[in-house]
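Here is the structure we will look at.
Chain naming here is simple, since letters A, B, ... match the order of the sequence lines and numbering starts at 1 in each.
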Amino acid sequence: MAVASVPHEGQADQLYVETRALRLQGFLLFLVSDLVLFSSFIFAYMYLRNSGQGWPPPGITRPAIALGGLNAAILFGSGATMHYALENFKRGNFIRYAWLLIFTIILGALFLGGQAIEYTTLFREHITWAGSGIFGASFFTLTGMHGFHVLCGIIYLTILLLQSVHGVYDKQRYFGLTAGTLYWHFVDVIWVVLFSIFYLV
Amino acid sequence: MESTKPSRGFWVLTAILGGISVAAIVYFWTTPTVQPWLPPEGGHPGNEVDKLFRFMAASAAVLYTFVVGYIVYFAIVFRRRKSDPPDALGVHVHDNNKLETAWTILPSLFVVLLSIFSVKIWSVLYLQQPANGLVVESIAHQWGYVFRYPNVKGEIPEEMHLPVNVPVTLNLTSRDVIHSFWVPNMRLKADMIPGMVNVIKFTPTRIGRYPIICTEFCGTLHSRMNGMVSTENGAIMVVESEAAYQAWYHRTQIAQARAPSAAEATEATAIALASGSASAGKTLFSQKCSACHALGPFSQRVVGPGLMGVLHDPSHPNLVDGDPATPANVAKILQRGFTGSYGTMPNQSENALSNQDIANLVAYLNTLK
Amino acid sequence: MSVIAEHGGIAEHIHPEPQGFIRKYIFSLDHKIIGIQYLITGMVFLVLGGLLAELIRIQLMNANGGFLTPDVYDEVYSIHGSTMVWLVGIPILTGGFGNVIMPVQIGARDVAFPWLNMISFWLFPIAGLMLFSSFLMGAPVAGWTEYPPMSLQGAAGTSMWCAAIFLVGISSTLTGMNFLVTILKMRAPGMTFTRMPLFCWGQFATAPLLMIATTALAAALAALFMERQFGVPFYDPTRGGSPVMWQHMFWFYSHPAVYIMILPAFGIISEVISVFSRKPIFGYRLIAFSSAAIALAGFMVWAHHMFTSGIAPYMQLPFMILTFVIAVPTGVKIFSWMATMWGGKIHLTSAMLFTIGFLILFTFGGISGVFLAAIPFDLHVHGTYFIPAHIHYVLVGGSVMGIFAGIYYWFPKITGRQMSEFWGRVHFVLFVIGFTGTFLPMHWLGAMGMPRRVATYDPQFQTINDVMSIFSFVMTFAILIFFINVIFSIRNGKKVGHNPWGARTLEWQIPSPMPYYNFKHIPSVYGLPYDFTEPLPYAHLEEELTDSPVPVGAH
Amino acid sequence: MNVVAWEHILAVAGGIVVFLVASFALRADWKTPGLDNQVFKLMLGLLALGGILATLTGLQIIGKS
């Protein structure tokens, strides 16, 4: 019974492979529970919206669709850049990876900027979180929660960028980047849903 | 290894348990009332609920008798005895497909049976109640009930009178928090939720005084909304003969008419309603009314109740102030405003409405069916 | 051995045991210590919740009240319910037993994310303190369900309640994720899903419930908190919100929550009943899969709590029928356990007595659950004492009996000593008598017209309430005996070997108390752990009970 | 050209780019194994859908203000 007493070549890789599987599943489960959180609020929104007061409720103007569409395109675009950032990292193309990641972060920040403009416009029309009935409650809660996720994502990606500059990840071990990409895609995809239910229907 | 065949004792026990089960079935089948288990039954469809109760209680008794009987029997008969060697093992049976299939299929069949029976009673409760009859509204508040009757002005607190054998449609809502309306003798309950109207339909068939009980927690004095016939505390449903009911009704009508409500203090000028234009009223409605009133059924409350069919809804023959739903009375509310259980509405001057505006609005509301 | 080196992977790495008191016992990463922390904390809250229950029973000894003011009484039962569900039932059964036993039973050295595990645990006592601190600022009054608009009117403590339950929810979610990954990824070689002990199946079915349902509750709580603190309208009908929406979101969580509290107990029962009947569990597959079926169906029945809330009659029907359907897998389990007892050599130990008690009492609770599922009958008894009767039959008669069975059963594994069997039997007898006397009459009271959550009631019910209160003192006395037994046995209990019950699951094949690293070598598994006539279905366990040192290179 | 018109044009352009990129990435990744890649594929599919939505919004075919 000579148990793994001497760490040998490749054992560390074995360790990485196994912990990676654990961490990947754990991270996906985290995303699932986050999805449930969003779904619950979306259920609340749908429930209130269909409670027979008409939508938008009297006295409420919806946020402008033009800016909303542009903002959506920006966020979806950042998803595409993030995807290719990871692809390039996998292929060892570090410079292109870094630029794409920076570009992703900038697009994310732009999205938040667009969101801020949208909020200011609504505030100017006296549509607020607490003072505008169920529209204000559901719109600001859901988009605010999503915006908070984007903000966290920006911070997360910045940390990943700094880490990768310091050589934390290499071609064999880059689970952190995979997780970051998963998270960023998740935030994008949530916006597909939120965009549809708030701006399109 | 012992034999896997059941012993004689097992079959004797099964026979005994079967006997108890048959006794339980016979009891629940034939007992004239379910009195010791439920309060005296006072109306339809409470009697239907009792049928379901008999069925479920009999089935439960059978199932529970067998489960408990066998468990206790196994624990005694198959216990390890002092004489057994310390490492004695039980009969090693892992599976028995026939048995397992049987006890999956049998409960499934029972579930189907129970579903059919429950759905049948459910349809009696919800679908087969007569639509005509007396319409009463009850509004709960912290901490009590008030009742509105057709053509009786205002609200009658804590005592609900019903004629025997007349179908009743009860519209339930609340003024503040969630309450509930339960008359144990009628076996019926619905929550009274602010902003919503829940409906109970039933026919009292037995004269008597029945407690009305709130079963949703509603604040400090929730316990006070616990009608007790013995102490005359809380709200009571009085089911009486048609003659007694009519006498009470007329008495109440007169008594309530004499008590002027605060809204009546201001004298209203008569408005020529015939000149109203429904299309102008529609425009006006979207400007002045739609922020508080939905174009939905009465139960769809935004600030005030929904106004679809306000003049034509048979389940709401009364306006919020208790007067019958006529164009003149609607105009009266628009002139005077309203303060009461259903909220507060500004009066004519506060809403900046001209007499012609009111006529237009009434004409428009009359078109909503 | 090379087989294991390949399959065992990371499981072969043993970190040195931390030596400082704080790292070893307070902020431990060891699943066993964390599990014991959960058990102890849960027991503390059990005592607190039990004392609150006694306050309720004392108040109800007089129909006109007088012991507590109505407001204090409302606070007491609200915190009693919240404590028992969130600080006793769920943490003990998942965080407690799940942590101590589950990783060992699947042949792992720890859970997947030990740090996360520690954080999950520490959120729980913090949330408990927050919940009880709400008494200082006016505790919530609207019961553990906190229906708005009543909860919107409640005192400041209601917001504290939201925050506390939110924290417990995060703790549950993290535990669920952790256990799910552990069971999916860290089973020993050969430990397939059809060879996994049934307790692990219970945990496996519970973990997704913890993860998904709890998050939905978190959303509902966050909305309630925002409405109370910032005036964001979600539930207030006068501002466009909907109080019924809370009920949907709350019960979407809270119905699975009762399965969170019963599925692990099913697992404990399955283990105990097989070991003490000295025969294999009957119908292993059916028991395992019915747990999963119950968990899945548990997500689709929430509106059966809302038959009186004015949801459309046609919408009620599928919920009623699906609820009936859940009775089938539950019934199958009960029948399988009965068949396991048949033809056994039943050792009537304390653990087995509690298991038998579980079968008898839980079946009763299950049957009254079918009564409640039938819409017409539910319309009669909804919101009456029938409901507390039912929930106490399934949660005390079910979950708590399961917890007691588990403690008597695994106490030797955790401490190396056995609890007193004599006092265990006394505990059992008094507990069952007290329980039945307290909760059985509640069914009748509810059906006859006594609403729940009342501080005063119709005097015609006073005699029976007095009797119930006296029986509840008996129950409390039984629990006192249990605690004395536990505390006494930790120091003075009979020392027993590593496997006093002759059980066959993995945790009984290693020393008691379990060593820090669980297994010197990760075992391989060849079969089900329930067949007493076969040799143990494990390989590489030879050295576990010897004094040979832990492999040196392990780090 | 006012701001709104630019917003429309950018949304259309961005939407088309996103759709194309996501579709190409999806095609390139189509046969990759592994749990993470399955999730990526799902996400890319939804991202392509998002691109279509943004384009249609910019073209003022869908969307309400």
Side-chain angles (χ1 to χ4, degrees), chain A residues 20-21 23-25 27-28 31-32 55-56 61-84 86-87 90 100 107 110-111 114 117 121 174-175 177-179 181-196 198-201, chain D:
Chain A
R20 180 183 185 282
R23 285 189 283 166
L24 176 64
Q25 255 183 19
F27 195 80
L28 287 176
L31 291 185
V32 167
W55 198 265
T61 47
R62 287 170 175 247
I65 179 71
L67 180 60
L70 173 63
N71 229 0
I74 290 175
L75 191 65
F76 301 153
S78 79
T81 54
M82 188 67 216
H83 188 79
Y84 275 98
L86 183 67
E87 285 296 310
K90 281 188 203 165
L100 279 167
L107 285 176
L110 273 180
F111 172 80
I117 294 173
T121 320
Y174 51 86
F175 177 72
L177 299 183
T178 310
T181 313
L182 278 172
Y183 179 82
W184 195 256
H185 275 322
F186 171 76
V187 171
D188 282 355
V189 163
I190 288 291
W191 192 248
V192 175
V193 179
L194 292 188
F195 179 66
S196 310
F198 276 114
Y199 296 80
L200 300 184
V201 289
Chain D
M1 293 273 266
N2 59 3
V3 181
V4 173
W6 278 112
E7 284 173 352
H8 282 309
I9 290 168
L10 287 174
V12 172
I16 291 172
V17 169
V18 169
F19 174 72
L20 291 178
V21 170
S23 314
F24 276 120
L26 195 56
R27 224 183 106 202
D29 278 7
W30 194 247
K31 285 188 178 148
T32 48
L35 183 59
D36 45 348
N37 285 315
Q38 307 303 334
V39 180
F40 277 141
K41 278 178 245 175
L42 177 70
M43 301 278 198
L44 283 173
L46 287 166
L47 207 56
L49 173 70
I52 296 173
L53 290 181
T55 313
L56 294 179
T57 314
L59 295 172
Q60 302 179 52
I61 294 170
I62 51 172
K64 293 172 184 168
S65 263

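Looking at D:Leu44, the atoms closer than 4.5 Å to chain A (heavy atoms on both sides) all sit in the side chain, from C-beta outward. Both the backbone and the side chain of A:Leu67 have a heavy atom closer than 4.5 Å to some heavy atom of chain D. Contact of D:Val17 with chain A is not made at all, since no heavy-atom distance falls under 4.5 Å. Looking at D:Ala25, both its backbone and its side chain come within 4.5 Å of chain A, counting heavy atoms on both sides. Interface remark: A:Leu28 contributes side-chain atoms only to the contact with chain D (heavy atom separation under 4.5 Å).
Taking every heavy atom of both residues into account, D:Ala11 and A:Ala73 meet most closely at O-CB, 3.8 Å.
Per-residue counts of heavy-atom pairs under 4.5 Å with chain D were compared for A:Val193, A:Thr178, A:Ile74, A:Leu75; the largest is that of A:Thr178. When each of D:Val12, D:Thr55, D:Leu49, D:Leu46 is checked for heavy-atom pairs under 4.5 Å with chain A, D:Leu46 comes out on top. Comparing A:Asn71, A:Val192, A:Thr81 by heavy-atom pairs within less than 4.5 Å of chain D, the highest count is held by A:Val192.
Distance check: D:Leu10 CG to A:Leu70 CG gives 5.5 Å after rounding to the nearest 0.5 Å. Rounded to the nearest 0.5 angstrom, A:Leu194 CG and A:Tyr199 OH are separated by 9.0 Å. Note that the OG1 atom of D:Thr57 and the CD1 atom of D:Ile52 stand 11.0 Å from one another [nearest 0.5 Å].
For the side chain to side chain donor-acceptor pair (under 3.5 Å) condition, the pairs that include at least one residue of residues 18-37 of chain D, sequence neighbours left out, are A:Arg20-D:Asp36, A:His83-D:Asp29.
For the ring-ring contact (aromatic ring centres under 6.0 Å, His included) criterion with A:Trp191, the lone passing option out of A:Phe111, A:Phe186, A:Trp184, A:Phe198 is A:Phe111.
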